[in-house]
Amino acid sequence: MDTDSRDLLNVIDIEATCWDGQPPPGAVSEIIEIGLTVVDLRAADGGSPARTGSRAGGRLARHRILVRPARSAVSAFCTELTGLTQAEVDTGIPFAEACRLLAATHESGVRPWASWGDYDRKQFIRQCRATGTRYPFGHRHTNAKLPFTSAYGLRKRPGMAQALEVAGLPLEGRHHSGADDAWNIAALILEVAARGAWPGPDERS
C-alpha cells in the first residue's frame, strides 16, 4: 500500500486498573489494555463523510495489546466496567515491552496519534516516568474531542458514546473495551476529517 506515515494516524484508547473509590494501599492505576486503530486520513479527503471503513483507506487495521500490571490488580469494579479479568491481563506483556511494541511495530514515534480526551496521553506519561520506560509516542497528538466539538458546533465536549449519537454512528462492540473504543473513535475522526475539520500536521499539539 502506497501510504506515507503522515497520512496514517494511530488512534489509541487505553483501559487501566480502577476501583470504586480509593485504590488499595500501595496500588496505582496501571494500563492493562491498549487499543489501537490505524486510520488512513486520505480516505476522508473531500466528498461525503467517510463511513465505517467500507471504502478504500479509512480504518485500516485494529490491534489490541494486553498489559500485565505490576503494582495493582484488576478489581471486580474494573472487570464490570471493562470486561477484563485478572486472569486475562496476566497473559499480557509488561508495560515496557508494550511501549517497545508500539514503537517498533506501530511506528508510534513517527506517526501522529489521537485519543478521545487527554487521559490516555497523561497516563502514558505518568506510567513511563514511574517505571523509567521510554515514552513511545511522538509529539504530534490530537485530543479528538476538540475538533469534533468544533466541527459539530457543540457547546460542551461530549463523551465518545454521546459523540457517536451526535454523528449518527453506531457504537460498535463494547464501550470501555480499549480495542472497540479505538475503533469507534477512529470512525468519529474520519467524520471530522470528511468535514475538513481535522487539524493538519502543523496544527496538532
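Quick note: numbers below take in every heavy atom, side chains included, and nothing from hydrogens, waters or symmetry partners.
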By side-chain contact (heavy atoms from CB on, under 4.5 Å), Pro25 pairs with (sequence neighbours left out) none
Under the side chain to side chain donor-acceptor pair (under 3.5 Å) definition, can you give me all pairs with a residue in residues 129-138, not counting sequence neighbours?
Thr131-Thr133
Quick check: is Leu66 connected to Ile31 through a chain of hydrophobic side chains (ILVMFWY, heavy atoms under 4.5 Å apart)?
no
Of all heavy-atom pairs linking Phe148 and Ala167, the shortest is CE1-CB, 4.2 Å
With a 4.5 Å cut-off on side-chain heavy-atom distances among I, L, V, M, F, W and Y, is there a chain of contacts connecting Leu169 to Leu9?
yes
State, to 0.1 Å, how close Ala98 and Val67 come at their nearest heavy-atom pair, and which atoms those are.
CB-CG2, 3.9 Å
For Arg64, check salt bridge (Lys or Arg N to Asp or Glu O under 4.0 Å) against everything at least two apart and list the hits.
Glu33, Glu88
How many angstroms lie between NE2 in His139 and CH2 in Trp113, if you round to the nearest 0.5 Å?
13.0 Å
Ile65 vs Leu102 side-chain heavy atoms within contact, under 4.5 Å
yes
Between Ala179 and Thr37, the two heavy atoms sitting closest are O-OG1, 4.5 Å
Compare all side-chain heavy atoms of Leu36 with those of Ser108 and state whether any distance is below 4.5 angstrom.
no
Can you find a heavy atom in the side chain of Pro112 that is under 4.5 Å from one in the side chain of Thr142?
no
Give a yes or no on whether Ile14 and Leu81 share a hydrophobic cluster (residues Ile, Leu, Val, Met, Phe, Trp, Tyr; joining criterion: side-chain heavy atoms under 4.5 Å apart).
no
Side chains of Asn10 and Phe137: does their closest heavy-atom pair fall under 4.5 Å?
no
Residue pairs involving residues 62-83 (criterion ring-ring contact (aromatic ring centres under 6.0 Å, His included); sequence neighbours excluded)
His63-His106
Here the pair of heavy atoms bringing Pro69 nearest to Gln86 is CG-NE2, 4.4 Å
Atom pair CG/NZ of Leu188 and Lys145 - distance to nearest 0.5 Å
12.0 Å
Could you name each residue pair satisfying side chain to side chain donor-acceptor pair (under 3.5 Å) that touches residues 115-125, not counting sequence neighbours?
Ser115-His141, Asp118-Arg121, Gln123-Arg126, Gln123-Gln127
Cluster membership besides Val28, Ile/Leu/Val/Met/Phe/Trp/Tyr side chains within less than 4.5 angstrom, sorted by chain and number, is none
Less than 4.5 Å apart, any side-chain heavy atom of Leu8 and any of Val39?
no
Could you give all pairs that pass the side chain to side chain donor-acceptor pair (under 3.5 Å) test and reach residues 65-84, with sequence neighbours left out?
Thr17-Ser72, Glu30-Ser72
Just jot down the salt bridge (Lys or Arg N to Asp or Glu O under 4.0 Å) partners of Glu97, sequence neighbours excluded, or say none.
none
Check this for me, if you would: do Glu172 and Arg62 make a salt bridge, where the nitrogen-to-carboxylate-oxygen distance has to be below 4.0 angstrom?
no
For His176, the ring pair (Phe, Tyr, Trp, His ring centres under 6.0 Å) test, sequence neighbours excluded, returns none
Among Leu164, Ile189, Asp13, the one residue meeting side chain to side chain contact (heavy atoms under 4.5 Å, CB included) with Asn184
Leu164
Tightest non-hydrogen contact, residues Leu190 and Gly58, listed as CD1-CA, 3.7 Å
State which residues pass salt bridge (Lys or Arg N to Asp or Glu O under 4.0 Å) with Glu15; sequence neighbours excluded, sorted by chain then number.
none
Side chain to side chain donor-acceptor pair (under 3.5 Å) partners of residues 148-165, not counting sequence neighbours, each pair once:
Tyr152-Arg195
Using a distance-only test with no angle check, is there a side-chain donor-acceptor pair under 3.5 angstrom linking His175 and Asp181?
yes
Closest approach of Trp198 and Pro147, non-hydrogen atoms and distance?
CZ3-CG, 3.6 Å
Quick check: do Phe124 and Ile34 have side-chain heavy atoms less than 4.5 Å from each other?
yes
To the nearest 0.5 Å, tell me how far Trp19 CH2 sits from Ser29 OG.
5.5 Å
List in chain and number order the residues that pass salt bridge (Lys or Arg N to Asp or Glu O under 4.0 Å) with Asp90, two or more places apart in sequence or in another chain; answer none if no residue qualifies.
none
CD1 of Ile185 to CD1 of Ile12: how many Å apart, nearest 0.5 Å?
9.5 Å
